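So the structure is just underneath, and the comments pick up after that.
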Protein chains: 2
Amino acid sequence: MLSTTFGALADPTRLAVVGRLSRGDATMGELAEPHRITPPAMTKHVTVLVDAGLVSRRRVGRTVVCSLRPEAFSEVEQWLGDLTAYWNGTVDRLEELLRGDGDGH
Amino acid sequence: MLSTTFGALADPTRLAVVGRLSRGDATMGELAEPHRITPPAMTKHVTVLVDAGLVSRRRVGRTVVCSLRPEAFSEVEQWLGDLTAYWNGTVDRLEELLRGDGDGH
DNA sequence: AGAACAGTTCACCATTTGGTGAAGTATTGC
DNA sequence: GCAATACTTCACCAAATGGTGAACTGTTCT
């Protein structure tokens, strides 16, 4: 669900994690390091992102490496596109009026 | 804050409200009607959206009319754009490789 | 085998969230 | 002025959230 995706992004720490992962994969430790946060807290945050389908996790040696899942963001892109279509349409029609070349509809 | 914006969108009812408002302004009653929800609950939801800057509220007679604030969504658009730039870049570079016209960098 | 390392799972806690019913406020219509 | 309408404010409640320390699991290194 889209609201689940937004819920996963509704926390500053998780937003920072997504930002970090957009620059490349990272281990749990690397993700936790910039934030004054304990390992269990980061495990919880990443679990939220995984459950929302935004991030994948895999074991590598004794570390756990996280990656972003780009597909998951296309749902958001789609929604934003549909939403902004409304007022872009409005703006377009306004511009036509200002240019005086409305088609009479 | 961006996480506040996402927090406001992290609830199915509020997401539906934004969808409804994208088709035009509506009163509190019109917003509440499709959802099995009491007036106080809808007041709270809309307050969250207003506090996040996504919606504006104005009194009209004895009703309260809500409107979407398009500007607020540009922050999300910007973030999504920056984010997807990463893997679009990756995809572009992959396509170049597949076509065999990489520039050697 | 045993110590050290990287994370996770397990209670547990304080705060926030989404909901309610009851009472209060502002506006309209008789 | 008074009743009805349209919300909002005010406790209040149950469940979810973000955090913790302690104990456990899996992996590497010696």
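Here the structure is a predicted model, which is why all the values come from computation and not from measurement. All chains are named by letter (A, B, ...) in the order of the sequence lines, taking the proteins before the strands, and each is independently numbered beginning at 1.
Here Thr27(A) lies in heavy-atom contact (under 4.0 Å) with sugar-phosphate atoms only.
In this structure, Arg57(B) and Thr13(A) both approach DNA chain D, and ranking their closest nucleotides by distance from the 5' end singles out Arg57(B).
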Please walk me through it: do Asp11(B) and Ser3(A) pass side chain to side chain donor-acceptor pair (under 3.5 Å)?
-> CA-CA 5 Å; Asp11(B) 177 274; Ser3(A) 59; over 6 Å; no

Test log, rule side chain to side chain contact (heavy atoms under 4.5 Å, CB included), inputs Thr5(A) and Phe6(B) = CA-CA 9 Å; Thr5(A) 306; Phe6(B) 286 132; over 6 Å; no

Intermediate values then yes/no, side chain to side chain contact (heavy atoms under 4.5 Å, CB included), Leu68(B) and Leu54(B) = CA-CA 6 Å; Leu68(B) 226 47; Leu54(B) 298 173; 5.6 Å; no

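Taking a 4.5 Å side-chain heavy-atom cut-off between Ile, Leu, Val, Met, Phe, Trp and Tyr, the cluster of Val65(B) extends to Val60(B).
Using a 4.5 Å heavy-atom cutoff, the side chains of Cys66(A) and Leu21(A) are in contact. Trp79(A) is listed as a side-chain neighbour of Val18(B), based on a closest heavy-atom distance under 4.5 Å.
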Mind listing the side-chain donor-acceptor pairs of residues 30-46 of chain B below 3.5 Å, one per line with the distance, residues two or more places apart or on another chain?
unit_1	atom_1	unit_2	atom_2	d
Glu30(B)	OE1	Thr27(B)	N	2.9
Thr43(B)	OG1	Pro39(B)	O	3.2
His45(B)	ND1	Arg14(B)	NH1	3.1

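Not counting sequence neighbours, the partners of Thr4(B) by the side chain to side chain contact (heavy atoms under 4.5 Å, CB included) test are Met1(B), Ala52(B). Legend: residues meeting side-chain hydrogen bond (donor to acceptor under 3.5 Å, both in side chains) with Thr47(A), ordered by chain and number and at least two apart, are Arg57(A).
Leu49(B) CG to Ser56(B) OG: the interatomic distance, rounded to the nearest 0.5 Å, is 11.0 Å.
Put simply, Val48(A) and Leu9(B) are part of two different groups of oily side chains (I, L, V, M, F, W, Y) that touch within less than 4.5 Å, one to the next.
For DNA chain D, the contact window with chain B, defined by any atom under 4.0 Å from a protein heavy atom, covers dA4(D) to dT9(D) in 5' to 3' order.
Note on residues 66-75 of chain B: pairs passing salt bridge (charged side-chain N to carboxylate O under 4.0 Å, His left out), not counting sequence neighbours, are Arg69(B)-Glu71(B).
Computed from C1' positions of five pairs at each end, the angle between the two local axes of the helix from dA1(C)-dT30(D) to dC30(C)-dG1(D) equals 20°, rounded to 10 degrees.
By the 4.0 Å N-to-carboxylate-O rule, Arg20(B) lies too far from Asp25(B) to be salt-bridged with it.
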Its contact letters, B for base, S for sugar-phosphate only and - for none at protein heavy atoms under 4.0 Å, make nucleotides 23-30 of chain C read ----BB--

Footprint string (nucleotides 12-18 of chain C, 5' to 3'): B base within contact, S backbone only, - free, heavy atoms under 4.0 Å | ------B

